[in-house]
Structures are given as structure tokens and as C-alpha cells.
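For this chain, numbers begin at 1 and follow the sequence in order.
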Amino acid sequence: MRRVVVTGMGAVTPIGTGVEKYWENVKKKTLGFGEITRFDTSDFKVKLAAEVKDFVAKEHMDFKAARRMELFCQYAVAAAKEAFAQAGLDMEKEDPFRVGCSIGSGIGSLQATEAACKKMEEKGPSRVNPLLVPLMISNMAAGNVSIQLGLKGKSLNVVTACATGTHSIGEAYRSIQCGDADVMLAGGTEACICPIGVAGFSALTALSDSQDPERCSLPFDKDRSGFVMGEGAGVVVLEELEHVQKRGAVILAEVTGYGATSDAYHITSPAEDGSGAAKAMELAIAEAGIEKEDVTYINAHGTATHHNDLFETRAIKLLFGDHAYNMKINSTKSMIGHLLGAAGAVEFITCVKELQEGFIHATAGYTTPDEEMDLNYVAGEGVEEPISYALSNSLGFGGHNASILIKKYNG
């Protein structure tokens with residue numbers, strides 16, 4: 001199998017647009033939570049979200065092109081352009097059919113659907129926007145990125161709910177491994193902080209109804225009450241190792257393993273024993289050809305819902321046994337909320353930065369241990385500690401499990 005490395009990264013998040021700004025705020029435990037500004041929440045139990053602040057589309061793309069994109073596509077294009085620039089790719093020197101795109105969105109544009117339904121009710125079907133379908137469908141993130149950057153290779157839109165970002169990167173990794181592409185832009189994007197989005201997740205009792213921005217997203221904490229909806233995008237450039245070496249680009253990290261399974265259990269709850277998630281982690285580690293004890297850090301899915309945090313903890317214990325107590329586990333969602341289809345991609349970027357700097361960020365807000373969840377969730381401050389591997393987990397409604405193993409690149 002061909003080796004696959006990371007050469008570029010881009011991010012749009014509730015605590016910063018641009019990877020460096022985002023990462024500096026992660027290290028400072030900056031929280032991205034606040035009152036929802038996108039719509040009137042008077043009739044809603046949920047009042048808080050993690051919105052992207054100060055994003056101006058025309059600063060990242062042509063204004064006319066932006067007008068034909070919904071917010072989730074705009075975020076994806078902005079993140080992709082940042083990643084593309086860092087990688088130093090020149091499409092005039094590349095075979096465009098060997099450069100592909102795997103950028104997913106779990107939902108697409110709920111806003112476009114909302115607006116169209118309202119207009120149809122009020123003014124009739126003839127008044128629906130002719131561009132409704134290409135505005136709302138989730139594959140348009142990959143489509144718009146490919147159009148903006150001239151990528152003519154494989155173009156994928158993986159949709160596995162909250163596992164979308166990790167699966168998208170994993171499938172891009174596979175595409176390069178097996179020779180379908182030399183370069184893939186990969187990641188996830190989401191923007192559905194809107195009335196129907198918040199109402200829908202709230203009806204599931206998945207969202208925290210806390211009105212305290214300091215105590216609303218509490219992964220692994222006994223006082224956790226659900227996730228806080230976030231938005232944004234994460235995109236990375238993956239390349240075949242020899243391709244990178246020939247053009248002399250900087251390598252940020254190496255992807256060495258990917259595991260994907262299904263719980264085949266329940267439409268919203270993970271398997272209670274953690275077996276599906278444990279198997280995904282096991283597959284990623286086995287592909288890398290390392291021992292379980294070589295993994296000392298996990299960036300958990302860690303949503304702050306009762307079931308996820310408990311069952312993910314069980315999965316870690318099931319796979320790693322006693323070694324689980326020697327590991328450090330954190331949740332980036334403690335600061336940025338749950339970015340749904342973008343979550344795994346932004347968390348992948350977090351892992352790369354942690355590997356580069358030898359710093360494991362804290363799980364912000366974690367103060368009160370729960371009885372069965374007795375692992376090291378990095379309470380208090382972040383830890384300066386050299387790590388060779390980072391294992392990133394994502395779990396999605398429907399029972400989708402994805403784990404990806406990232407290695408510090410040493411040549």
C-alpha cells in the first residue's frame with residue numbers, strides 16, 4: 001500500500017477561522033458558546049450554540065460564486081483554500097484527474113429547505129428558488145470545492161451523520177492507498193444552526209438546554225446534559241508520499257490506519273458495550289502494524305450526551321484493557337461544540353497540531369467524574385507530552401463508527 005501524508009490544513013470554527021487562530025484558542029481553552037443570533041429563540045428551550053463568528057464569504061471566494069453557495073459550502077471552500085495554499089499545490093503542474101475531493105456534510109442546507117417550504121406555503125410552488133436543489137444537497141460542498149480549485153479526480157460526499165468528517169478523510173486515504181488518486185482534499189463541513197435544526201435535535205433530547213456558556217458542553221463530566229450544536233469546516237490535503245517528496249512540500253503528519261464499522265444496533269444510541277467503536281479502533285491500529293500500547297492518546301468523539309460518553313469509555317476499556325488507564329483522552333467538543341459532519345475533520349486537524357507540538361489539550365469544563373467513567377480525560381490544563389500517535393474517533397447516528405490513526409512524521 002502507498003503511504004499517505006498530510007501536507008495542508010484549513011479550518012473554519014466557532015473559536016477561529018484559520019488553523020493557527022483556531023489552534024491558539026484551543027490551547028487557551030477558549031469557549032465558542034453563546035446565545036443563538038441566527039434566529040429568535042423565544043419559543044425554544046435551547047438557547048445556546050457555537051456559531052462561527054465574523055465569517056465574510058467574499059474574503060475567501062468570488063462574491064458571485066458565494067451567492068450560489070449556502071453557508072456549509074462557503075465554509076468548505078474557505079477551509080479548502082487554506083489547506084490548498086499551505087500544501088503549495090500548483091494545478092498547472094498536476095494531472096487534475098489525479099487530484100480528488102472527499103468532503104462530506106451530514107445534513108447539507110436545512111436553511112434552504114426551510115426557506116423554500118415557507119415560500120411554497122405562502123406563495124405557491126412556482127415561487128420556489130430554481131437553485132433550491134443545488135443549494136441544499138450535501139454533495140455541493142465537494143462539488144464547489146472541486147470547481148473552485150479545478151480538481152477533476154474522484155469527488156466524494158460521504159454522509160454518515162456525525163462520523164462524516166472522519167469517514168471522508170478515511171475514504172480519501174483509501175483512495176490514495178489503492179492508487180485512485182495522488183492527492184485528495186478531504187474533510188467535512190456543516191452549518192445548520194437554524195430553527196428546524198435546533199428544534200429537531202432538541203426534540204431528540206440530544207442538545208444541552210443549559211443557558212450558561214461556561215457550563216453547557218461538558219464531555220465525560222457527571223453533569224453533562226447533551227451536546228451544543230456547532231458549525232464550521234475542516235479540510236486537509238492528503239498526498240501520496242513519493243508525490244510529496246518529488247515536489248518538495250512540507251509534511252505535517254502521516255495517516256497510518258483507518259477503521260470503520262457499524263453497530264447494527266440502534267438509530268441514535270451506540271452499542272452499549274462499545275463493541276462497534278472498539279472494533280473500529282482495533283482495525284485502525286492493526287493496519288498501522290503497531291501494538292495497542294503504542295497509542296497513548298485518543299481524541300474522543302466525546303459529545304457530552306449520557307450514552308455517547310459512557311459507551312465510548314466502555315469501548316476504550318474493552319479494546320485497551322488495563323492500558324486504558326495509561327492513556328490521555330480529551331474532547332475538542334468541550335470548546336467548539338459538536339460540528340456534526342465537520343466534527344471529525346476539525347478534530348483530525350487538532351490531532352495533527354498536538355502531534356507537531358507535543359501538547360494534549362484539556363477537556364474544558366471537565367470537573368466532576370462520573371462513576372463508571374474513570375479514565376484520564378485531561379482535566380484542568382493541557383499537558384505538554386511528546387506523542388507519536390493520535391487516534392481520533394467519530395460515531396454517527398445509525399451506528400456508524402470511524403477511527404483514524406495519525407502518526408507524527410519522522411521520515
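- In this structure, a donor-acceptor pair under 3.5 Å is present between the side chains of Thr332 and Asn299.
- When only modelled atom types and interatomic distance are considered, Ser394 and His167 share no side-chain donor-acceptor pair under 3.5 Å.
- Looking only at atom types and distance, the side chain of Lys407 has no donor-acceptor partner in the side chain of Thr256 under 3.5 Å away.
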Derivation and outcome, salt bridge (Lys or Arg N to Asp or Glu O under 4.0 Å), residues Glu372 and Lys317: CA-CA 11 Å; Glu372 191 177 337; Lys317 291 180 179 180; 5.5 Å; no
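- Classified by interplanar angle (parallel below 30°, tilted 30° to 60°, perpendicular above 60°), the ring pair Tyr377/Phe220 is parallel.
- Counting only N and O atoms by type, the side chains of Thr363 and Asn330 include no donor and acceptor under 3.5 Å apart.
- The CG atom of Asn157 sits 12.0 Å away from atom CD of Glu171, with the distance rounded to the nearest 0.5 Å.
- The aromatic rings of Tyr258 and Tyr173 lie perpendicular to each other, with more than 60° between the two planes, well past the 30° mark.
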Derivation and outcome, salt bridge (Lys or Arg N to Asp or Glu O under 4.0 Å), residues Lys27 and Glu24: CA-CA 5 Å; Lys27 291 191 288 185; Glu24 287 304 312; 3.1 Å; yes
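- For the residue pair Gln148 / His60, no side-chain donor-acceptor distance below 3.5 Å is found, with atom types taken as modelled.
- Looking at Asp273 and Ser275, their side chains do bring a donor and an acceptor atom within 3.5 Å of each other.
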Lys222 and Glu371: CA distance, side-chain angles, deciding distance, salt bridge (Lys or Arg N to Asp or Glu O under 4.0 Å) verdict: CA-CA 8 Å; Lys222 188 171 184 176; Glu371 285 77 4; 2.9 Å; yes
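- Of the inter-residue distances, the one linking Arg174 atom CZ with Ile176 atom CD1 reads 12.0 Å to the nearest 0.5 angstrom.
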Derivation and outcome, salt bridge (Lys or Arg N to Asp or Glu O under 4.0 Å), residues Asp90 and Arg247: CA-CA 10 Å; Asp90 181 352; Arg247 67 184 192 87; over 6 Å; no
